[in-house]
Novice: 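Here's a structure for you.
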Amino acid sequence: MEDQHHPHHHFPRRKRLERQLDSVILHFDCFYASVIENETPSLKNLPLAVQQKQIVVTCNYEARRRGLYKLQLIKDAKRICPEVVIVLGEDLTRFRDASKELYAFLKSFSWNGKVDRLGFDEVRFWLVSSVFMDISDIVDYNFSLLNHNDLANSFFCLSKDDPTLGFTFDAALVAGGTYPQAMNKTGKPAICSIRSAPSDCNDFLLRLHLGSHYARHVRQLLETQKGYTCTVGVSTNKLLSKLVGNLHKPNGQTTLLPPYDVSDTNTVVVDNVTSFVDGHEVGKIPGIGFKLAQKLRTHILGRPSELDLSAKENLVLRDERDVLVRDVRTFPGMGADVLERLLGGPGTPHGIGTRVWNLLNGFDDTEVGLAREVPKQISIEDSYIRLDTYDELLKELHMLARSLLNRMHTDLLNDDDDDDDDVDETPNESVLDAAAQDPKSTTKKRWMAFPKTIRLSTRPRPPQNPDGSRNRSFARISRSAAMPNFVFSLRDSTDSLADRLVSETLIPLFRRLHPEKSGWNLSLVNVAATNMVDAASDTAKGGVGRNIAKMFKRQDDVLRQWRVEEEDEIDLGEDAVRIEGEILRDADRFEIPDEVMKDVEAKPFPLVNTEEDVEQGGGGGSALWESEDEDMPDDDTFHCPQCGATLPLFAIEAHNRWHEQH
DNA sequence: GTGCGACAG
DNA sequence: ATTTCTGTCGCAC
């Protein structure tokens, strides 16, 4: 939620905090236990737990009813509920797919495109997808259509172009639940009537009503068309809509009712935003994580909270009362400055005091829809009880490399409809297996961004203590290198690319990380693609000129590297082969001078292995451990930002001409 | 640019 | 008695 920096930060200096009431924000929570239930409807009413490693990462409501919970050990879960259905959730691709589908679906209900997954990532806190939608424009438009004399017979218009598209509703009523909960005589939650609200809130309240009806409409379609149930919060900013949505779940929605501001009315001592946020434990506020909450609790209690001292069982927690937002907010002297001193410091983001103070007061000016289209980094990791043999390591690195490549494909490749371009394109030339995904369209995949760096991180198992007990350290160590260009190839199979990545890049990195040939024992391995560089953004139409400029700049860079290496006479032989390997693969696509083609050889596939390498221990056996240069020289090839092709330097001009002609 | 830690979910 | 898999940012060098 915090990760968006918006360029326009010219908020007029407000006298005091003043609520911004002109937006209507929806927050959708979709529970992925329902993804599995969708796939296998027979599971619907059974207790269902998703397992990762030794723990339950999430479970459905039936399982919760029987006492299962998140982060519970599988062993305990089975003891408490022997009939629980366990689903392996190590492979997140199904959930990512579902998340993407959900996101696309919700986006189709937005007019302004302000739809936002929490952060960039689709899957946030374990198999729950969280999406914000700013529907201020839709609400504004429909507000202007209201007949204030006959709210009960309103029509919600779903399209500015087609006034017949929409649904009828009662604008005097809110759809779904509310905070505070309205009660009728029977004691059951009742529908809140606008006529009972303070009159000066009417317009604002009406807009929230509109938002709630739109939310209900979208939820209904999501369920009937996609089969997902979700929970929705309706309010004026991300913080509030996310928090308030929690009040009716699963499969419900909640609207945070006015007054949002005490100045709205003289009859109310505290506004609903304040009373609502006040009741939350500090750590429950999105944006206040474990560490911040810990510092806040310590400050308020005057001692470390026992909640924070190693969660050492409920006995200790007996008398411990939660520290609520109210406790912090009303603490003597509390304010942004005090918080800045308390929470700030080396290594913490600037302005944290103000941000937290705002959150405590229900303010959140982060906007919806400014999420990046591509992540800054993609990483894959796995943890291990024990990973200390070279064999296993190779296997794991290969798995991680394959996953990383797959993620790069799903997250960094654009589907690009090329119906006006490439008229004489042969089907074969189309890259990747676009056909497998969408056989009908001539869809081409194109890289939206290129990670320039690859990083390998490990978490060595904490050193076995002399005194016998375990030491808790989760420190990671890492090394990085240039991302080899071949990973962007869209023709080679992921498996062979992964092989190459492991042997040519990851193993050398690992060697830098753990120079000892044995003796290491890892509890975690992570492979990351970082240092993301956007491909030219507007290649679709008329962006070619700019791209050519970029390409020449890049060509210059690469040529300079080349020259340096040439002068230094660094082991050119092998690289020359690699370059020619690329030439060979690209020769069928681009015109390449015959004199260059004539002495092309296939690149020998790098051999990776083996047990001997590790077990020979002493001075010398492993070829892998003996290579001279630490850094893998970058492939001296060029990848075209327009089509993703990898091609040799000298082919750039011809390639540009090719693009100009097509 | 590299490596690490803090932090959030 | 936990530690699961990401992603972002800022600091020191």
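Bear in mind that the values here come from a model prediction, so they are computed numbers and not experimental data.
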Novice: Write down the distance between CE (M399(A)) and P (dC5(C)), rounded to a whole number of angstrom.
Specialist: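 Spelled out: CE on M399(A) to P on dC5(C) is 10 Å.
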Novice: Y179(A): what forms a ring-ring contact (aromatic ring centres under 6.0 Å, His included) with it, not counting sequence neighbours?
Specialist: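 Applying ring-ring contact (aromatic ring centres under 6.0 Å, His included) to Y179(A) gives F276(A).
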Novice: For dC9(C) and K376(A) - does any side-chain N or O of the residue sit under 4.0 Å from the phosphate oxygens OP1/OP2?
Specialist: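 For dC9(C), OP1 or OP2 has a side-chain N or O of K376(A) closer than 4.0 Å.
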Novice: So which one's nearest nucleotide on DNA chain C is more toward 5', I378(A) or Y384(A)?
Specialist: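 Nearest-nucleotide comparison on DNA chain C picks Y384(A).
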Novice: dC7(B) P sits how many Å from F290(A) CZ, rounded?
Specialist: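 That distance rounds to 10 Å.
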Novice: For the pair made of CG in L239(A) and P in dG9(B), what is the distance, rounded to whole Å?
Specialist: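 It is 11 Å, rounded to the nearest whole Å.
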Novice: In this structure, how many angstroms lie between the C1' atom of dG10(C) and the CZ atom of R355(A), rounded?
Specialist: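 In whole Å, dG10(C) C1' and R355(A) CZ are 12 Å from each other.
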Novice: Would you please name every residue forming a side-chain hydrogen bond (donor to acceptor under 3.5 Å, both in side chains) with N251(A), sequence neighbours left out?
Specialist: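 Applying side-chain hydrogen bond (donor to acceptor under 3.5 Å, both in side chains) to N251(A) gives R219(A).
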Novice: Please give, in whole Å, the distance from dT3(C) P to D76(A) CG?
Specialist: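 To the nearest whole Å, that distance equals 11 Å.
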Novice: Can you list the residues that meet the side-chain hydrogen bond (donor to acceptor under 3.5 Å, both in side chains) rule with R326(A), with sequence neighbours excluded?
Specialist: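 With neighbours one apart ignored, the set is empty.
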Novice: Starting from C1' on dG9(B), measure out to CG on D29(A) and report it in whole angstrom.
Specialist: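 Those two atoms, CG and C1', are 12 Å apart.
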Novice: Taking OP1 and OP2 of dG1(B), is either one under 4.0 Å from a side-chain nitrogen or oxygen of K452(A)?
Specialist: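 Yes, within the criterion.
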Novice: Pick the closest DNA chain C nucleotide for K75(A) and for E381(A) by heavy atoms, then say which residue is nearer the 5' end.
Specialist: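 Here K75(A) is the residue nearer the 5' end.
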Novice: R459(A) side chain: which of dC5(C), dT4(C), dG9(B) is closest?
Specialist: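 Taking heavy atoms from C-beta onward, the closest nucleotide is dT4(C).
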Novice: Under a 4.0 Å threshold between the charged nitrogen and the carboxylate oxygen, would K395(A) count as salt-bridged to E392(A)?
Specialist: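 Between K395(A) and E392(A) there is no salt bridge, as every charged N stays at least 4.0 Å from the carboxylate O atoms.
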Novice: Is the distance from OP1 or OP2 of dT3(C) to the nearest side-chain N or O of S383(A) less than 4.0 Å?
Specialist: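 S383(A) to dT3(C) OP1/OP2: no side-chain N or O under 4.0 Å.
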Novice: Who are the side-chain hydrogen bond (donor to acceptor under 3.5 Å, both in side chains) partners of D134(A), not counting sequence neighbours?
Specialist: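 In terms of side-chain hydrogen bond (donor to acceptor under 3.5 Å, both in side chains), with neighbours along the sequence ignored, D134(A) is linked to S136(A).
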Novice: Does dT6(C) have OP1 or OP2 under 4.0 Å away from a side-chain N or O of S379(A)?
Specialist: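 S379(A) to dT6(C) OP1/OP2: no side-chain N or O under 4.0 Å.
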Novice: Under 4.0 Å between any heavy atoms, over every strand shown, what does I380(A) touch: base, sugar-phosphate, or nothing? Just pick one.
Specialist: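 Sugar-phosphate, no base atom in range.
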Novice: Rounded to whole angstroms, how far apart are CG on L524(A) and P on dT6(C)?
Specialist: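 Value for this atom pair: 10 Å.
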Novice: If you check the R407(A) side chain, which of dC7(B), dC5(C), dG7(C) turns out closest?
Specialist: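 Selected nucleotide (nearest to the side chain): dG7(C).
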Novice: Quick test of your reading: applying salt bridge (charged side-chain N to carboxylate O under 4.0 Å, His left out), list the pairs with at least one residue in residues 396-406 of chain A, sequence neighbours left out, ordered by first then second residue.
Specialist: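 Listed by first then second residue: R402(A)-D495(A).
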Novice: Output one line per pair: protein atom, nucleotide atom from nucleotides 2-5 of chain B, and distance, for all N/O pairs under 3.5 Å.
Specialist:
unit_1, atom_1, unit_2, atom_2, d
dG3(B), OP2, S480(A), N, 2.7
dG3(B), OP2, S480(A), OG, 2.6
dC4(B), OP2, S478(A), N, 2.5
dC4(B), OP2, S478(A), O, 3.2
dC4(B), OP2, S478(A), OG, 3.1

Novice: Is the shortest side-chain N to carboxylate O distance from D388(A) to R461(A) below 4.0 Å?
Specialist: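 Looking at R461(A) together with D388(A), the answer is no, because their closest N to O distance does not fall below 4.0 Å.
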Novice: Return the value, rounded to whole Å, for the distance between atom NZ of K295(A) and atom P of dA6(B).
Specialist: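 Rounded to whole Å, this separation is 10 Å.
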